[in-house]
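Some notes on the structure that comes next.
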2 protein chains.
Amino acid sequence: MPRAGLDAATVTEAAADLADEIGLARLSMSLVAERLGVKTPSLYKHVDGLASLTHRVAVLGATEVGDRLRDAVQGVSGGEALAAAAQALRLFVKEHPGRYAATTGARPAGPDDPLGPALGRTLTSLEAVLRGYGLAEADRIHALRMLRSVLHGFATLEAGDGFQIDTDVDASFLWLIDFVDLGLRARASS
Amino acid sequence: MPRAGLDAATVTEAAADLADEIGLARLSMSLVAERLGVKTPSLYKHVDGLASLTHRVAVLGATEVGDRLRDAVQGVSGGEALAAAAQALRLFVKEHPGRYAATTGARPAGPDDPLGPALGRTLTSLEAVLRGYGLAEADRIHALRMLRSVLHGFATLEAGDGFQIDTDVDASFLWLIDFVDLGLRARASS
DNA sequence: CGCCTTGGCTAATGGTGTTAGCTACAAGCT
DNA sequence: AGCTTGTAGCTAACACCATTAGCCAAGGCG
């Protein structure tokens with residue numbers, strides 16, 4: 001029996017891909033093992049169990065989403081940055097619904113949990129977007145939460161087939177970005 | 001062995017309550033049976049299995065959310081209606097996270113699935129809210145999707161402990177409602 | 001070349017969801 | 001009332017899953 005040469009990262013990535021394909025809820029140790037050409041108990045040499053594996057997928061997803069947002073916001077500002085960040089997040093959720101579900105369903109388990117910083121990177125990029133609007137100090141946190149809410153809400157509704165297909169979802173998303181942009185600009189110097 | 005006198009509705013309600021308490025993901029046939037003082041296989045006399053039971057919980061949740069929104073919007077209009085609907089939805093999600101998760105995770109399985117109409121009632125109430133703003137015909141669908149997105153996003157993020165606790169979440173929600181209200185009013189007659 | 005860490009295995013356990021088939025309850029008829 | 005009958009809830013059984021214990025050989029390192 002030749003060795004498969006697995007480690008925690010490979011197992012996590014296989015699990016993440018599988019979750020994207022079949023949905024996080026249907027993720028199972030046996031399916032991950034099957035995909036890796038290995039018997040189920042072998043996974044426990046690299047990963048602590050299904051709950052722990054799901055947590056690792058969450059960290060992976062948070063990191064990747066953070067990367068995407070950082071890249072999207074890089075070099076642009078204002079409404080352009082808002083649109084870029086929004087589209088990047090939406091695209092990620094569409095491409096990786098399983099990772100995103102794991103990410104949003106997980107909470108940091110302690111002060112040294114890598115999930116905390118990973119999630120923080122997303123917030124950092126969104127804060128950078130908002131910085132371009134010159135909001136009052138007191139509005140910042142509320143605007144950030146509003147921004148997270150719209151983007152998260154739209155992306156998850158779309159990923160869950162929550163919108164009827166007959167009207168263009170892309171157009172709605174552009175409209176939404178414009179709506180938020182206008183609202184933020186109105187609050188710019190008030 | 002005296003009979004327990006169950007039916008599909010009682011089983012569904014017990015499942016919904018359980019889902020609210022322990023989370024939809026942890027809902028199981030055995031726990032529902034235990035709560036009803038019955039052995040697990042007995043449930044199959046009333047319900048088709050866990051998937052079907054979850055779907056019933058989704059229909060129940062959609063119906064209840066529809067009721068809450070209808071009541072909230074009743075007799076008010078404009079910004080008042082928006083605020084009432086928003087708070088009603090947010091409160092429902094906080095009180096019944098399991099039902100809401102089932103509702104948002106389910107799709108109608110066919111043309112005669114009661115989930116379709118049940119979900120439609122929520123949309124009807126939100127459309128009524130928007131009607132108070134006198135939007136252009138073309139903006140209606142986009143505004144509706146925006147509204148669903150913010151409310152759904154905020155509620156699910158809050159339910160998932162997605163917001164840091166140190167800043168007031170209630171204040172952020174009021175800020176969000178005001179943000180949406182201002183944006184919609186700006187588009188009123190344009 | 002041989003040690004020894006360790007990755008993957010088989011076997012076994014406890015917990016799920018689900019089906020089949022029995023039994024006795026309770027409603028309905030005469 | 002008593003008898004019949006549909007059926008609610010039961011036990012037994014099976015398949016599948018996550019998880020643990022213990023074995024055994026692969027392959028890096030001396």
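Letters go in sequence order (proteins before strands), and every chain restarts at 1.
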For a quick test of reading the model: is some side-chain N or O of [X] closer than 4.0 Å to OP1 or OP2 of [N]?
X       : N      : result
A/Ser42 : C/dG7  : no
A/His46 : C/dG8  : yes
A/Ser28 : D/dC17 : no
A/Ser30 : D/dA18 : yes

If I take atom [atom1] in residue [X] and atom [atom2] in nucleotide [N], what distance separates them, rounded to the nearest angstrom?
X       : N      : atom1 : atom2 : answer
A/Lys39 : D/dA18 : NZ    : C1'   : 16 Å
B/Asp7  : C/dA26 : CG    : P     : 16 Å
B/Tyr44 : C/dA20 : OH    : P     : 12 Å
A/Leu27 : D/dA18 : CG    : C1'   : 12 Å
A/Leu50 : D/dC17 : CG    : C1'   : 10 Å

Which nucleotide in C/dG17, C/dA20, D/dT19 has an atom nearest any side-chain atom of A/Met29:
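So the nucleotide nearest the side chain must be D/dT19.
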
Using the side-chain heavy atoms of A/Lys45, tell me which of these nucleotides is nearest: C/dG8, D/dG9, C/dT10.
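So the nucleotide nearest the side chain must be C/dG8.
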
Quiz question: by atom type and distance under 3.5 Å, do the side chains of [X] and [Y] form a donor-acceptor pair?
X        : Y        : value
A/Asp181 : A/Tyr133 : yes
B/His96  : B/Asp17  : no
A/Ser125 : A/Arg70  : no

Does any N or O in the side chain of A/Ser52 come within less than 3.5 Å of the main-chain N or O of A/Gly49, such that one atom is a donor and the other an acceptor?
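Such a contact is absent between A/Ser52 side chain and A/Gly49 backbone.
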
